[in-house]
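These notes concern the structure reproduced below.
What you are looking at is a predicted structure, and each value in this text was computed from that prediction instead of being measured. When a ligand or atom number is given, it counts from 1 through the structure's own listing order.
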Amino acid sequence: MTLSVTFLGTSGAVPTVERNTSALHVRRDGDAFLFDAGEGTQRQMMRYGTGFDVDAVFLSHVHGDHVLGLPGLVQTWAFNDRETPVDIYTPRGTGREVRDLITAVGATPDYGLDVHEVGPGETVLDRGEYEVRTFRTEHRTRSVGYALAERDRKGRFDREHAEELGVPVGPKFSELHEGNPVELSDGTVVRPEQVVGDPRPGRTVVYTGDTRPIDAVVAAAEDADLLVHDATFSDADAERARQTAHSTAGDAGRIASDAGAKRLALTHISSRYGGHTGELKADAEDAFDGETLLAHDGLTVDVPLP
Ligand SMILES: [Zn+2]
Ligand SMILES: [Zn+2]
């Protein structure tokens, strides 16, 4: 089961020659999602080969650098005769703005477009094996962060040991794997814990969107396999981060460390750093022992099973 994220835009506020504004493409097996859709997201999808077909768009907040790509994408889907509906999730109180943004430049498309308002602490999409849930963030406007979290998978089935115990190959194998004891023809009972290992933890990818560093993100990113965090400024520009309700790279590192995240990706990089982003990475690495990535447009990160 593949789980990967592709950074389509990693710049904060304004695009630069090297970086487009925010958008993150997430693929899990056959499912694909977009988290934010800054201006030019369509071209980034082409450039980095993610394809246009996403099942849902999750907006962290309605600032231009996160949503201006949405109307164009909606029109392209119509132009491409999209037939499957698309769900758009946006913070509570911003649904109207999102609908207006889309309809200001064209009609509501035929394929069906549902805008859902979401608050923190909700499971907004449930696909059985995994879910997307929201958590609180703090920015200058209504905002939420999103976590895609897989449920634990069943433990490994020890086929060899099951055969040694005399379980006949067949339906009794799946009975045991499902967690039920089975009785053999000689009356022996084999219990699932004899042949099934511990449940295997699922993977979690967390996307903050724009936010100040807050404890709610630490809780949401607990043990996350990948935390994608606002890192608009270096620690030297911490005052600017406070004023604009963003995080520094060091803040992101501290959050990742407190959460026990495995990997941290810094994104939403201010244009003021140009090609000189080493400082940001160093700030985060000072605070976080895990792997730190300074995201760039086109970067794809695979999130392997543990
Ligand atoms: Zn932004
Ligand atoms: Zn913002």
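Residues forming a side chain to side chain contact (heavy atoms under 4.5 Å, CB included) with Ala219 (at least two apart in sequence, or on another chain): none.
In this structure, a donor-acceptor pair under 3.5 Å is absent between the side chains of Asp230 and Thr208. For the residue pair Asp210 / His63, no side-chain donor-acceptor distance below 3.5 Å is found, with atom types taken as modelled. Between the side chains of His296 and Thr10, no donor N or O sits under 3.5 Å from an acceptor N or O.
Salt bridge Asp302/Arg203: absent, no basic N to carboxylate O contact under 4.0 Å.
Side-chain rings of Phe58 and Tyr89 approach one another, their centers coming within less than 6.0 Å.
At a cut-off of 2.8 Å, measuring from the Zn ion (ligand 2), the protein N, O or S atoms that fall short of it are His61 NE2, His63 ND1, His139 NE2, Asp210 OD2, waters left aside.
For His268, the N, O or S atom with the smallest separation from the Zn ion (ligand 1) is NE2.
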